[in-house]
Engineer: 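Please read through the structure below; I'll follow up with questions.
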Amino acid sequence: MKRILLTITITAALGITMSCSKDDGLFGSKSIKGTIAEEYMDGSNALYWGEGATLGLFKGTTANEKFSLSSGSGSRNGVFKSDGGETNGNAIDGSVAIVPYNSGNSVSTSEGIATIKMTVPETITFSEAGIYDAGVCPLVAVSNDKKCNSFSFVAPLGGVSVKLTGEVAITRVEITAKGGEIINGNLYVKADKDGVRSIEMTGGTSTTVIECKAGIQLTKVAKDFVVFLPYGVYSEGFSIKVQSSDGALNFINVDGPQKITKARILNISRQQFVVYSDINASSSERANCYMVTAGGGYYFDATVKGNGQSGIHPTFKDQSATLSPVGAKLLWEEVNGLITGVSYENGKIYFACSGKDGNALIGATDAEGNVIWSWNIWSTSAPADLTLGDWIFMDRNLGAKSIDDHGLYFQWGRKDPFSSIIDFDSGKGAGKYHPVEGGPSDNENVKNTISYSVSHPDTYLKASSRNNDWLLEAPQRYLWGVNFEADGLAAHAPMKTIYDPCPAGYSVSTAAALAAGLSAGATNNGSYLTLFNGQLKVPASGFLYSGGYGWYNQDGFCGLWSCSTSWGNTENAFRLRGTDDAYDNYDRATGHPVRCVRISQ
């Protein structure tokens with residue numbers, strides 16, 4: 001059992017009676033006895049009286065008399081002696097005791113029920129010895145006896161305990177009710193001799209901060225950081241931010257709804273404090289995809305769209321590469337638990353990766369939780385570079401686990417991928433299915449747009465009624481960098497754009513690069529295609545059909561998008577067709593994998 005020394009102890013159950021016994025002969029009129037009920041909380045933590053504990057006594061009157069602990073520190077049984085205080089007040093029924101003493105506390109009674117006003121602080125302190133500030137967990141005791149000198153205290157709140165392990169010293173813990181519920185401020189308690197009847201919290205905030213003074217050193221044994229808060233249902237759960245002495249941050253997300261029970265602690269599962277590193281430390285270039293080759297904690301710059309201002313073509317409607325997020329969230333992941341602890345802080349998105357192979361999509365959000373940009377996190381062994389002709393290819397498709405995996409699928413010109421592991425819209429819930437929107441029967445004037453695609457990165461957009469493109473607005477021929485009608489069959493893309501899906505240092509391969517691979521020798525055996533005379537392997541992938549959704553010909557079609565639009569039709573782009581070792585132009589609403597190449601210097 002862990003001790004939490006405050007002005008009391010964590011132990012008292014719902015059925016504890018708030019009782020009084022006379023003891024005037026032993027203690028005299030200036031001493032009282034205070035006992036903390038033994039069954040409080042869950043047994044893993046315990047509240048004990050600490051040095052400096054105080055209480056306010058309302059003994060038959062609204063006058064608030066201060067008492068301080070004189071003996072019993074470190075136990076549940078304490079003796080308190082009067083320090084004076086108010087002497088005048090209106091008469092009340094019985095006696096009420098409140099821990100801790102606060103001159104702002106007040107009491108009124110009616111028909112045996114006391115209405116008690118006290119304060120729950122927004123910021124509390126916690127020392128290595130396990131001692132919290134007074135008022136962290138207020139206690140009350142009510143008696144019908146105006147001469148009561150012995151009180152049994154219970155808590156009107158529940159609690160949340162964050163259990164941390166690691167090798168750093170913790171200086172600050174913030175716990176926020178994500179649904180906006182108030183967890184500190186003015187606490188109004190209705191109680192009688194049998195216990196707490198109801199509570200109401202007003203005038204506070206949804207965040208309570210634990211300040212850890214010089215720092216609480218973590219070890220392999222979990223350390224508890226506890227916040228007491230009103231009991232009830234917290235609709236969206238809690239977000240927890242932990243800061244170490246060197247300024248490193250960790251984030252813990254507790255999805256809602258979560259129920260806090262009176263006189264009980266909600267224990268958050270033990271968390272290892274993770275040291276985060278810059279996922280893009282080796283490059284100053286930003287991108288829409290970041291590779292992770294080992295498990296751990298990472299962060300990236302969330303104030304820049306794609307590769308930044310250099311990736312904005314003059315024809316783009318959006319001429320700004322700057323983002324101002326308010327939050328972040330995980331949109332989907334191929335493997336459960338691949339990504340955890342997603343959070344936004346001071347221009348950066350933080351997350352932890354398990355190191356398993358797979359992909360995930362993380363979104364930056366505005367104040368209403370709407371996605372304003374998103375990034376693909378690709379967890380994989382480090383891909384090799386293959387120098388073939390005038391190009392340096394990745395050895396695998398974007399998002400692939402190996403050279404034999406087809407990887408992710410993209411509608412041409414969109415930065416965000418679709419995973420074949422995740423089903424398409426079936427009405428069974430967000431987060432597990434790619435929604436399907438747009439097209440002839442679904443408000444295509446609003447949804448078949450670039451802005452909609454950015455704010456709904458996990459949504460497949462069906463081809464519009466007027467063309468075979470996912471994009472209905474004025475043609476955008478440079479979304480991935482090459483416009484055939486202006487640039488011809490360019491060997492290298494003139495620019496990498498903010499919509500390019502490849503990691504830093506790479507861009508989607510050009511049609512010229514794929515055509516060169518075919519010319520150098522191509523073989524298709526049905527399950528994969530090889531280019532450059534067997535040196536570059538393209539697994540069978542099938543494709544996402546532009547007129548609907550779902551995969552077609554997945555076992556025999558070895559296709560890849562290029563970064564180039566095609567001639568003639570504005571809604572088409574060049575692709576490696578693969579079925580007959582050729583390339584052609586096809587509907588941009590279709591989904592194909594892509595192969596990234598090193599950007600030419």
Side-chain angles (χ1 to χ4, degrees), residues 315-318 332 361 371 374 398 406-420 422-427 433-485 497 499-501 508 511 541-554 556-579 582-594:
T315 63
F316 290 173
K317 291 181 67 176
D318 188 354
W332 57 258
L361 198 66
V371 175
S374 49
L398 178 54
H406 52 65
L408 298 168
Y409 295 75
F410 296 82
Q411 293 183 285
W412 192 93
R414 293 186 66 179
K415 65 184 181 64
D416 297 299
F418 299 97
S419 170
S420 62
I422 299 175
D423 290 335
F424 279 81
D425 191 6
S426 65
Y433 298 88
H434 291 303
V436 179
E437 301 285 356
S441 62
D442 197 9
N443 200 2
E444 60 185 351
N445 291 312
V446 173
K447 296 180 178 179
N448 288 91
T449 63
I450 291 175
S451 61
Y452 189 88
S453 75
V454 169
S455 61
H456 298 79
D458 58 342
T459 299
Y460 177 83
L461 296 176
K462 293 184 287 188
S464 73
S465 60
R466 280 176 272 171
N467 57 33
N468 290 320
D469 198 352
W470 62 268
L471 184 62
L472 183 61
E473 58 193 1
Q476 298 283 312
R477 301 187 65 85
Y478 287 94
L479 291 177
W480 278 357
V482 176
N483 174 9
F484 176 82
E485 292 183 343
T497 76
Y499 302 112
D500 186 285
V508 178
S541 60
F543 57 93
L544 293 169
Y545 179 52
S546 61
Y549 51 91
W551 282 268
Y552 289 79
N553 198 23
Q554 193 164 354
F557 188 95
C558 308
L560 293 172
W561 274 130
S562 78
C563 67
S564 174
T565 56
S566 63
W567 64 86
N569 294 333
T570 58
E571 68 269 18
N572 285 1
F574 280 120
R575 67 172 182 174
L576 176 70
R577 188 165 65 207
T579 51
Y583 69 91
D584 64 4
N585 63 90
Y586 206 67
D587 306 343
R588 301 200 307 184
T590 305
H592 289 296
V594 302

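Every value quoted in this text rests on a predicted model; they were computed, and no experiment measured them. Any value given below was found using the heavy atoms of this structure, including those in side chains, with hydrogens, waters and symmetry copies removed.
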Engineer: Under 30°, 30 to 60°, or over 60°: which ring-plane class applies to His592 and Phe543, parallel, tilted or perpendicular?
Structural biologist: tilted

Engineer: Any chance you could measure Arg588, atom CZ, to Thr590, atom OG1, to the nearest 0.5 Å?
Structural biologist: 11.5 Å

Engineer: Going by heavy atoms in the side chains, are Phe410 and Arg414 under 4.5 Å from each other?
Structural biologist: no

Engineer: Does the side chain to side chain contact (heavy atoms under 4.5 Å, CB included) test come out yes or no for Trp412 and Asp587, once each step is laid out?
Structural biologist: CA-CA 8 Å; Trp412 192 93; Asp587 306 343; over 6 Å; no

Engineer: How many angstroms lie between atom OH of Tyr478 and atom CG of Asn483, to the nearest 0.5 angstrom?
Structural biologist: 4.0 Å

Engineer: Going by distance alone, is a donor N or O of one side chain under 3.5 Å from an acceptor N or O of the other, for Ser374 and Asp416?
Structural biologist: yes

Engineer: Hey, are the side chains of Gln411 and Trp561 touching, using non-hydrogen atoms and a 4.5 Å cut-off?
Structural biologist: no

Engineer: Of the non-hydrogen atoms in Tyr452 and Val446, which two are nearest, and what is the gap between them?
Structural biologist: CB-O, 3.6 Å

Engineer: Decide yes or no on side chain to side chain contact (heavy atoms under 4.5 Å, CB included) for Ile450 and Phe316, but give the supporting numbers first.
Structural biologist: CA-CA 10 Å; Ile450 291 175; Phe316 290 173; over 6 Å; no

Engineer: Could you check whether any side-chain heavy atom of Asp458 comes within less than 4.5 Å of a side-chain heavy atom of Pro435, counting everything from C-beta outward?
Structural biologist: yes

Engineer: Please examine the side chains of Trp480 and Pro501, heavy atoms only from C-beta on, and report whether any two atoms are closer than 4.5 Å.
Structural biologist: yes

Engineer: Once you round to the nearest 0.5 Å, how far does OG1 of Thr459 lie from CH2 of Trp470?
Structural biologist: 12.0 Å

Engineer: Would you mind reporting whether Phe484 and Ser564 have side-chain heavy atoms less than 4.5 Å apart?
Structural biologist: yes

Engineer: Side chains of Asp500 and Lys415: does their closest heavy-atom pair fall under 4.5 Å?
Structural biologist: no

Engineer: Under 3.5 Å, side chain of Tyr460 to main-chain N/O of Gly438, donor-acceptor pair present?
Structural biologist: no

Engineer: Return the OG1 to CG distance between Thr315 and Leu479, rounded to the nearest 0.5 Å.
Structural biologist: 7.5 Å

Engineer: Working to the nearest 0.5 Å, report the span between OG of Ser453 and CG of Asn448.
Structural biologist: 10.0 Å

Engineer: Does the side chain of Pro417 come within less than 4.5 Å of Tyr409's, by heavy atoms?
Structural biologist: no

Engineer: To check you understand the geometry: which heavy-atom pair defines the closest contact between Ser566 and Phe574, and what is its length?
Structural biologist: CA-CE1, 3.8 Å

Engineer: Please tell me if the side chains of Ser562 and Val508 come closer than 4.5 Å, counting only heavy atoms from C-beta onward.
Structural biologist: no

Engineer: Quick one: pull up CG in Leu471 and CD in Gln476 and give me the separation to the nearest 0.5 Å.
Structural biologist: 6.0 Å

